[in-house]
Amino acid sequence: MALVLTVQVGLADNDKDLGQERFCSNTEAYAALLRRCANERNLVDGKRVHEHLRRYGYENETFLGNLLVQMYGKCSSIDDAALAFDSIRKKDLFSWNIMIAAFAENGCLDRAVGVFELMEPARIKRNRGTFVAVLAAGLDLEQGKKIHDSVHSSGLERNEMVATALLSMYGACGSTDDARQVFEQVPKLDLVCWNAMITAYVQNDRGREALEIFHRLEMEGVKCNEVTYLAALDACACLAVQSEGRSLHKRVSEAGLLLTSFKVANSLINMYGKSGNLEAAEEIFESMPSRDISSWNVLLTVYGHNGLGDLAVDRFTESCLEGFEPDSITFLAVLQACSHAGLLDTGVELLVSIQEDWGIDPTQYHYLCVVDLLGRSGELVRAEALINSMPFEPEEGAWRSLLGGCRVNSDVGRGERATQRLLVMSEDSSPYVLMANIYASIRNFDLAERLRSVMADRNVKKQPGLSWIEVRGRIHTFAANDKLHARKEEIYAGLDRLFVELQREGYRPDTRVALYDVEEEKKVRMLLHHSEKLAIMFGLMSTPDGSPLFVLKNLRVCADCHAATKIIAKITKRKIVMRDASRFHHFENGKCSCCDYW
DNA sequence: TTAGGGTTAG
């Protein structure tokens, strides 16, 4: 319909036919044109239609006015949308909702909330569409709770559409408990609602709860769709539970989604990649009948996480030769691969070429990879200069990368500078911990201790390190010095025996990584009871000899655990794969795939 | 007659 009208009205050619009475009086025709311009994000033609409406006096008519606001919103011309809204003489509920949605979609949070708040004095009764629109505006938790209150007063809390918008808002704000509460109050859950709840958990790294919801959905006999599988695969990737991931693989394959949906196939590559199964990830990629740029991005990211920098660069070249146009994420993946593999020159060249050869503006994250590369290769002066020459105000990540470089090179002065910047910007514990580590590495325990008291005074808590391992379909989680596991006695006794063997093989506890100035022996015990070692010990005693172990850590692996795991892999003749917060380590026969660069 | 909730890679 829209296409025929476009031809009749002659929008694509010139204006003259548009003036003809038979078409201008046709509200439906204009509506179809505006909808089409909105869908195609075609601002130029959208403005021409607007001009005609103005000329023939239709501009202020409610129905077409609403569609004008929508068209401008979809074309990201937000001030035009606001003007169109203002010129609607008799605004109806749609006018308000569409205006809020347009602001929300264009990231104009305050304006969206502003319009929402004007509705009450204007005596417009909000409906579910109003709440759905404003809840998508990217509210913070406080604003979100205020809107939740008005949802409550409107009696719409149990409506599945509003509830989904509400719980997604809570998920985006990091409050999964609030999201869950909303979810549990919906009397008739529909699939979108289930999917949103799983996604909210995944977004917040709560893979276990995400899978719990997924299993409940299955128990209740709800039929999944593509989005459900994407969310569930993400949950598996987050936890690295390959057993569950494999069964999902089978199901999406049976449902035909593996061949028809790029998103599903790409999520499978990601799931296998994050679960440490590089071969399976590559197999999916190679077996895809066709790929999109995201398939390449996922594969390159997987290579990067595994320290395969050269391979990532080679395959990036291959993707270009095959005619794939790289995007900003492709470059981020390759740069991160360079950064994990220490490919300094390639990384520096690539950063320049993103803009010069491909016309893509590098983001701060692209710069950070190179700051990281420079910092860790000891080029701290260049790293700091790069931060200061970036075309944007440095964010936390920039100083954190520099501080990481200072930690590797024990650069106290520059480290203090970066820490000072970070302490103003963030309430996170990592600058304190990194800087204290720098002081401890030069054995200045006074300063390390002083920093620790500042941390305590400001009530900044160190994020607890956790490691976990899947054994026979169950996930076992450990904190340092864990006393909760049912088999704790065996684990600690096993570690004591292992410690003796480790020392025989030349392992010396790296007490420099201990934060505090306690007696040497106590430090050694603290190190031996790190969460990584507990998880590995439990894995060793619960799985058959010779079988590989896969351990996850929520933070970066500690240097002492890294050194110990190399030797553990050697003396137990096991392959041990560890996924930490930034990458994979494959330990085998006394060596790690990262070549001690991480 | 209009729109509005969930969607891969970082």
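Proteins come first, then strands; the chains are lettered A, B, ... in the order of their sequence lines, and each starts at number 1. Owing to the predicted nature of the structure, the values given are computational and were not obtained by experimental measurement.
Atom CG in A:L33 sits about 15 Å away from atom C1' in B:dT1, given to the nearest Å. When the P atom of B:dT7 is taken as reference, atom CG of A:L233 falls 15 Å away, rounded to whole Å. Taking atom CG of residue A:L93 and atom P of nucleotide B:dG4, one finds them 14 Å apart after rounding to whole Å. Put simply, CG on A:L34 is 12 Å from P on B:dA3, counting in whole angstrom units. Between A:K263 atom NZ and B:dT8 atom C1' there is a gap of 7 Å when expressed in whole angstrom units. Put simply, CG on A:L335 is 14 Å from P on B:dG10, counting in whole angstrom units. Taking atom OH of residue A:Y365 and atom P of nucleotide B:dG10, one finds them 13 Å apart after rounding to whole Å. Put simply, CE on A:M71 is 18 Å from P on B:dT2, counting in whole angstrom units.
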Requested in this report: Test A:S295 against A:N266 for side chain to side chain donor-acceptor pair (under 3.5 Å), laying out the working first.
Outcome: CA-CA 5 Å; A:S295 320; A:N266 297 346; 2.8 Å; yes
Query raised in the report: side chain to side chain donor-acceptor pair (under 3.5 Å) between A:H249 and A:E254: does it pass, once the steps are laid out?
Result: CA-CA 9 Å; A:H249 181 176; A:E254 282 163 3; over 6 Å; no
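A:L332 comes within 4.0 angstrom of the backbone, heavy atoms only, and of no base. At the heavy-atom level, A:V132 lies under 4.0 Å from the strands shown only through sugar-phosphate atoms. A:T164 comes within contact range of at least one nucleobase, with a heavy-atom separation under 4.0 Å. Base engagement by A:E160 is indicated by at least one non-hydrogen atom pair under 4.0 Å involving a base atom. Contacts of A:H305 with the nucleic acid, taken as non-hydrogen atoms under 4.0 Å apart, involve only primed sugar atoms and P, OP1 or OP2.
The side chain of A:F63 approaches B:dT1 more closely than any other nucleotide in the set B:dT1, B:dT7, B:dA3. Nearest nucleotide to the A:K74 side chain, out of B:dT7, B:dG10, B:dG4: B:dG4. When distances are taken from the side chain of A:S267 to each of B:dG5, B:dT2, B:dT8, the shortest belongs to B:dT8. Of the candidates B:dA9, B:dT2, B:dG5, B:dA9 carries the atom nearest the A:N270 side chain, counting heavy atoms from C-beta on. When distances run from any side-chain atom of A:N127 to the nucleotides B:dG6, B:dA3, B:dG5, the shortest one goes to B:dA3. With B:dT8, B:dG10, B:dG4 as the candidates, the nucleotide lying closest to the side chain of A:L230 is B:dT8. Across B:dT7, B:dG6, B:dA9, the shortest atom-to-atom separation from the side chain of A:T301 is found for B:dA9.
At a cut-off of 3.5 angstrom, the base of B:dG6 holds at least one donor-acceptor pair with the side chain of A:N225. Put simply, the side chain of A:N159 and the base of B:dG5 share no donor and acceptor less than 3.5 Å apart. One donor-acceptor pair, N or O on each side, does fall under 3.5 Å between the base of B:dT8 and the side chain of A:S294.
When ring centroids are compared, A:F285 and A:W296 come within the 6.0 Å threshold.
In B:dG4 the O4'-C1'-N dihedral to the base is within 90° of 0, which defines a syn nucleotide.
Proximity of A:K274 to the phosphate of B:dG10: a side-chain N or O atom is located under 4.0 Å from OP1 or OP2.
Relative orientation of the A:Y58 and A:Y30 rings is tilted, given thresholds of 30° and 60° on the angle between their planes.
Taking the side chain as every heavy atom from C-beta outward, A:D361 and A:Q355 approach each other to under 4.5 Å. In this structure, the side chains of A:L300 and A:F331 stay at 4.5 Å or more apart for every pair of heavy atoms.
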